[in-house]
Amino acid sequence: MRNVSPWREPVPPGGTMGEPRARGRFGEYGGRYAPESLVEACREVDEAFREAWAEPGFRGSLARLLAVHAGRPTPLTPALRLSEALGVRLYLKREDLTHTGSHKINNVLGQALLAVRMGRRRLIAETGAGQHGVATATAAALLGLEATVFMGERDIERQALNVFRMRMLGAEVVPVTAGSRTLKDATSEAMRHWVGATGDSHYCIGSVVGPDPYPWMVREFQRVIGEEARGQCAAELRTGVPDYVVACVGGGSNAAGTFAGFADTPARLVGVEAEGGAGAARGRLGVMHGCRSLFLQDGDGQITQAHSIAAGLDYPGVGPEHAHLRDLGRARYVTVTDDEAVGAAVRLARTEGIVPALESAHALAWVIRAAGGGDLPAGSTVLMTLSGRGDKDVSTLKELL
Ligand SMILES: *Cc1c(COP(=O)(O)O)cnc(C)c1O
């Protein structure tokens, strides 16, 4: 499974996890399936991003914001007691320690800076549990932009604290009453709203999903996780590179950012999905939210509702680059159950003094299962991205424990 064949097409310009091919293609996935006005808006975002990303000045401004506002670099923490119990050497990349408590802020600060550069005065975003909405509201306040956040009515009921945080930060939270009243519908509604507002608003997507250039752009803004971790592993590990790199996958942004730092190494890449939201492990080819990728579907090809205890993994699809990495065999996608994730969260809390987000607990649950079942050979070094902190999940956990 290392370094991989069977390529169905030539390696793209930047190698694995470099730039996508023409029209935002990752293998047979990706693209820009959107109404004409949005195709034009995406083209403008693409052009602005390419230009900005090539400029040391833009990268410098973003790096400074990430340092002085978001708290980067985040530490690499050896999980000593848990490692000893599991017989592997586990290192945690601590995105839970960023401002607002998850990796979402990395992407949002990048897109907010881009929006300012494009002369936009407002950010539009979708949110499920509210983490991306809070990050967007935060970046908007910091840079003097307005924020409009679309959120399913059911999620608004379930995530009262994050709804209040967004409003406290000055954002407008718009309830979405369509469909299942959760993330999938909030995303559709946000895109629809953008159609009428492309002149003054930037659509700030929260993961490596949606029409080109979002999957690529969001991965580039999250690449900071993988690049920092690569340097930290080089300093910390005798071999310089871990044997395994593990991250949870909802849409796939924290995993993509992490994997990007190790794509050119022999490290084995593992994406961990929720059993009920396993787009990469069990999805079929389809188109949703402007992008061709793998989605959970019923017999008629209708995209179905995902179910996970972790709201951030409650998405029925996966970003197009993950679908491609899966096809290439460069990354492996596995699933864990709600119960395994809750067990892993408790175990991390009690062995390392860290309460993880339930999303991140999925990645850990796989490490625990794989170390016990021989999938992770004894003595392996494992880098795991801890995508967020668990404060937002206490009411869920309280009902279970
Ligand atoms: C949103 C979220 C995720 C899932 O999103 P990805 O794009 O797959 O990274 C994972 N963990 C946390 C803490 C989140 O807030």
Side-chain angles (χ1 to χ4, degrees), residues 74 92-108 111 125-136 138 149 151 155 159 161-162 165 182-183 186-187 204-210 214-215 217-226 246-260 270-274 277-281 289 291 293-294 306 308-323 325 331 333 335-336 341 344-345 348 354-365 384-393 396:
T74 58
L92 306 173
K93 180 60 175 159
R94 299 291 304 280
E95 296 304 295
D96 60 314
L97 293 180
T98 58
H99 179 49
T100 70
S102 84
H103 67 289
K104 298 256 165 44
I105 194 75
N106 305 326
N107 164 46
V108 157
Q111 290 201 49
E126 79 293 335
T127 198
Q131 292 299 100
H132 176 59
V134 168
T136 301
T138 299
V149 181
M151 188 169 186
D155 289 331
Q159 303 289 341
L161 179 63
N162 275 342
R165 286 169 82 195
T182 59
L183 177 61
T187 307
C204 181
I205 295 187
S207 190
V208 287
V209 299
Y214 286 97
M217 178 171 72
V218 175
R219 181 251 281 162
E220 287 301 287
F221 286 142
Q222 293 292 2
R223 177 184 283 275
V224 65
I225 305 173
V246 185
C248 66
V249 174
S253 67
N254 86 89
T258 306
F259 291 177
V270 182
V272 185
E273 298 187 292
H289 298 149
C291 168
S293 192
L294 297 172
S308 169
I309 193 167
L313 306 186
D314 221 345
Y315 188 72
V318 71
E321 189 167 31
H322 287 293
L325 291 172
Y333 295 86
T335 65
V336 307
L348 190 69
I354 299 169
V355 178
L358 282 172
E359 290 83 359
S360 325
H362 282 71
L364 183 66
M384 191 200 104
T385 295
L386 193 74
S387 55
R389 60 172 140 94
D391 307 41
K392 69 182 176 57
D393 297 317
T396 306

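Throughout, residue positions are numbered sequentially from 1 according to the sequence presented. Just follow the structure's listing: the first ligand is 1, and inside any ligand the first atom is 1.
Neither the backbone nor the side chain of His132 comes within 4.0 Å of ligand 1, counting heavy atoms alone. Only the backbone of Val249 comes within 4.0 Å of ligand 1, counting heavy atoms alone; no side-chain atom from C-beta on gets that close. Counting heavy atoms closer than 4.0 Å to ligand 1, residue Ser253 contributes atoms from both its backbone and its side chain.
For the pair Gln111 and Val218, the minimum side-chain heavy-atom distance is below 4.5 Å.
Between the side chains of Gln222 and Asn106, at least one donor N or O lies within less than 3.5 Å of an accepting N or O. Side-chain contact annotation: Thr138 with Thr100, donor-acceptor N/O pair under 3.5 Å absent. Side-chain contact check for Glu359 and Asn254: no donor-acceptor pair (N or O, by modelled atom type) lies under 3.5 Å. Counted by atom type alone, His289 and Tyr315 present one or more donor-acceptor pairs between their side chains at under 3.5 Å.
For the pair Ser360 (side chain) and Gly388 (backbone), a donor-acceptor distance under 3.5 Å is present. Under a 3.5 Å cut-off, the side chain of Glu273 and the backbone N or O of Ala280 do form a donor-acceptor pair.
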Self-check item: Worked verdict on Thr182 versus Asp314 for side chain to side chain contact (heavy atoms under 4.5 Å, CB included)
Solution: CA-CA 9 Å; Thr182 59; Asp314 221 345; over 6 Å; no

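Each of the following atoms of ligand 1 lies closer than 4.0 Å to a heavy atom of Ser207: 6 (P), 7 (O). Shown in contact with Ala357 at under 4.0 Å from a heavy atom are these atoms of ligand 1, numbered in order with element: 13 (C). For ligand 1 and Gly388, the ligand atoms under 4.0 Å from any heavy atom of the residue are 13 (C). Listed by atom number, the atoms of ligand 1 under 4.0 Å from Gly250 heavy atoms are 8 (O).
Inclusion of Gly251 in the set of residues having an N or O under 3.5 Å from an N or O of ligand 1 is warranted. For ligand 1, the polar-atom distance check against Ser387 finds a nitrogen or oxygen pair separated by under 3.5 Å. Among the atoms of Cys248, none of the N or O lies under 3.5 angstrom from an N or O of ligand 1. For ligand 1, the polar-atom distance check against Gln131 finds no nitrogen or oxygen pair separated by under 3.5 Å.
At least one heavy atom of His103 sits closer than 4.0 Å to an atom of ligand 1.
Among protein heavy atoms, atom 1 (C) of ligand 1 sits closest to Lys104 NZ, 1.5 Å. Counting protein heavy atoms only, atom 4 (C) of ligand 1 is closest to Gly312 O, 3.4 Å.
The two residues Val209 and Val318 have their closest heavy-atom pair at CG1-C, 4.5 Å.
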